[in-house]
Amino acid sequence: MTMPPVFILAIESSCDDTAAAVLQNNTVLSNVVANQLIHNEFGGVVPELASRAHQQNIVPVIDAALKKANISKEQLSAIAFTQGPGLMGSLLVGSSFAKSLSLALQIPLIAVNHMHAHILAHFIDEVGFDQPEFPFLALTISGGHTQIVVVRDFFDMEIIGETTDDAVGEAFDKSAKILGLPYPGGPLIDKYAQLGNPKAFPFTKPRVPGLNFSFSGLKTAILYFVQKKVAENPDFIEENRDDICASIQHTIVEILMDKLKMAVKETGINRIAIGGGVSANSGIRKTLKEAEEKYGWKTFIPKFEYTTDNAAMIGIVGYQKYLHQKFENTAVVSKARIQF
Ligand code: KG4
Ligand code: ZN
C-alpha cells in the first residue's frame with residue numbers, strides 16, 4: 001500500500017529573514033524568503049526591527065508559499081516552525097503563527113532546531129545533489145554559528161567543535177566593516193577575493209586547542225594591520241582591496257580546513273557536509289572539492305538556496321519528525337539558546 005503524501009508547511013523566523021516553504025514528503029514545492037533590507041542601514045541586525053518586520057511579512061510570505069505550491073491549508077499534514085536558536089522576538093512571531101494555525105486546522109505542530117535544519121537540508125530531494133550516508137561530519141558555518149558535528153542519524157548528533165567567540169560569518173562581516181564595505185560583507189569579501197592574491201598579506205592563524213575555533217583574534221589582527229597600513233598610505237585599502245580580501249578569505253578557509261582535517265583524523269569519518277550562509281563562499285567550496293582528490297574525502301555542498309536561512313530546511317526536519325511522530329502541543333516554548 002502506498003502512503004498518502006505528507007504536506008508540511010514550514011516557517012523560519014529566527015533572525016532577519018521571514019521564510020515559508022511547503023514540502024511534499026522530501027521534495028520542496030515552494031520556498032519563499034523575504035529578506036529584511038532595513039538592517040543594512042545599521043550595519044547589522046537590529047532585533048526589535050527584525051521582529052516588527054517578521055510581523056509584517058509572515059502572512060504574505062506564507063500565502064505566497066501555499067499559492068506557489070498550489071496547496072490549500074486544508075491539505076496540510078502538519079506545521080513545522082523554528083524553535084531556536086535565534087532572536088527571541090523573531091522566533092515568537094513564527095511560533096505564535098504556527099501554533100495558531102495548527103490549532104485552527106487541527107493538525108500536528110512540529111518544533112525544529114535551526115542548526116539541525118542547516119545540517120539536514122542535505123536530505124531535501126534535489127536532482128544532481130547526493131545525500132550523505134550516516135555517519136558524516138557536518139560543518140555549519142553561518143553568521144551565528146560555527147560548529148563541527150558528528151551526525152549519526154536524523155536525531156542523533158553530537159557537537160565535537162565550535163567557536164569560542166565570533167562565528168565565521170561574523171569574521172567575514174567584521175573584516176568587511178574594517179575595510180569600509182557594507183553589511184553583510186561576507187559575499188563582498190568573496191567577490192573581491194576572487195580577483196586578488198591570497199598570499200599577499202599573511203595573517204596569523206589563532207591557536208585554539210582541539211576542534212574548537214576562535215575568530216576574534218583574527219579580526220583584531222586585521223584591524224591593527226589595516227590601521228598601520230592606512231597610517232602609512234591613506235589609499236592602502238583602495239589600492240589593495242582585492243589582495244586584502246583574498247588574504248582574509250584564504251586565512252579563514254585554512255582555519256576551517258585545519259580543524260576539519262583534525263576532525264576526520266579523530267573520528268575516522270571522511271564524509272563532510274557543509275551548511276549555513278558561509279557555505280556559499282567560493283573559497284570554501286573550491287577547497288572542499290579539492291579535498292576530495294587530495295585526501296579522498298566525499299564532500300556535500302547544498303544547493304545555494306538551502307545554504308542561507310530558508311524554510312525548506314525546516315520542512316525537511318519537519319518531515320522526518322512527522323514520520324517519527326515527534327509532535328508538540330501549544331505549550332512548547334521558543335528558545336534563544338537551545339540544547340543540541
Ligand atoms: O546562515 P545565514 O544566512 O544566517 C545565519 O544563520 O547567520 O548566514 C549569513 C552569513 C553572513 O555572515 C554572511 O556574510 C555570510 O553568511 N555569507 C558569506 C557568503 N555568503 C553569505 N560569507 C562569505 N562568503 C560568502 N559568499
Ligand atoms: Zn542559519
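When reading the values below, keep in mind they use all heavy atoms of this one structure, side chains included, and skip hydrogens, waters and symmetry mates. For ligands, and for the atoms within them, numbers begin at 1 and follow the listed sequence.
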**Item:** Atom nearest to the Zn ion (ligand 2) - D309, N, O or S atoms considered
**Value:** OD1
**Message:** I want to know whether F300 and F136 have ring centres closer than 6.0 Å.
**Reply:** no
**Message:** Looking at the Zn ion (ligand 2), is there an N, O or S atom belonging to H118 that lies under 2.8 Å away from it?
**Reply:** yes
**Asked** In terms of residue, atom name and distance, what is the protein heavy atom nearest to atom 3 (O) of ligand 1?
**Response** D309 N, 3.3 Å
**Complete:** Contact region, T308 to ligand 1, non-hydrogen atoms below 4.0 Å, reads both
**Fill in**
The atoms of ligand 1 lying under 4.0 Å from a heavy atom of G169, numbered in the order shown, are 12 (O)
**Request:** Please tell me if the side chains of K99 and V332 come closer than 4.5 Å, counting only heavy atoms from C-beta onward.
**Result:** yes
**Message:** Would the distance check show the side chain of D173 and the main-chain N or O of G186 forming a donor-acceptor pair, the cut-off being under 3.5 Å?
**Reply:** yes
**Message:** Assess, by modelled atom type and distance only, whether the side chains of N197 and D243 contain a donor and an acceptor separated by less than 3.5 Å.
**Reply:** no
**Asked** If you group Ile, Leu, Val, Met, Phe, Trp and Tyr by side-chain heavy-atom gaps below 4.5 Å, do I274 and I316 land in one group?
**Response** no
**Asked** Does any non-hydrogen side-chain atom of V151 lie less than 4.5 Å from one of L137?
**Response** no
**Message:** For atom 24 (N) of ligand 1, tell me which residue out of N281, T307, T140 has the closest non-hydrogen atom.
**Reply:** N281
**ligand 1 contact on V278 by region, counting heavy-atom pairs under 4.0 Å** = both
**Request:** Answer yes or no: does an N/O atom from D190 fall short of 3.5 Å to an N/O atom of ligand 1?
**Result:** yes
**Message:** What protein heavy atom lies closest to atom 22 (N) of ligand 1? Include the residue and the distance to one decimal.
**Reply:** G186 CA, 3.5 Å
**Asked** Salt bridge between E158 and R152, side-chain N to carboxylate O under 4.0 Å?
**Response** yes
**Message:** Quick test of your reading of the structure: of S282, G277, G283, whose heavy atom lies closest to atom 1 (O) of ligand 1?
**Reply:** G277
**Prompt:** Which atoms form the tightest heavy-atom contact between L211 and I160, and what is the distance?
**Reply:** CB-O, 3.4 Å
**Message:** Show me which atoms of ligand 1 lie under 4.0 Å from any heavy atom of D173.
**Reply:** 11 (C), 12 (O), 13 (C), 14 (O)
**Request:** Determine whether the aromatic ring centres of F225 and F236 lie less than 6.0 Å apart.
**Result:** yes
**Request:** Please verify whether a non-hydrogen atom of H118 lies at under 4.0 Å from ligand 1.
**Result:** yes
**Message:** Any N/O/S atom from H145 (main chain or side chain) under 2.8 Å of the Zn ion (ligand 2)?
**Reply:** no
**Asked** For atom 7 (O) of ligand 1, what is the nearest protein heavy atom, given as residue, atom name and distance?
**Response** G143 N, 2.7 Å
**Prompt:** At the 4.0 Å heavy-atom cut-off, does G144 count as touching ligand 1?
**Reply:** yes
**Item:** Lys/Arg N to Asp/Glu carboxylate O, K298 vs D130, below 4.0 Å
**Value:** yes
**Prompt:** Are F154 and F134 near enough that their ring centres are under 6.0 Å apart?
**Reply:** yes
**Prompt:** Does any N/O atom on P184 come nearer than 3.5 Å to any N/O atom on ligand 1?
**Reply:** no
**Item:** Residue A280 vicinity, atoms of ligand 1 by number, heavy atom under 4.0 Å
**Value:** 20 (N), 26 (N)
**Message:** From the N, O or S atoms in H114, identify the one nearest to the Zn ion (ligand 2).
**Reply:** NE2
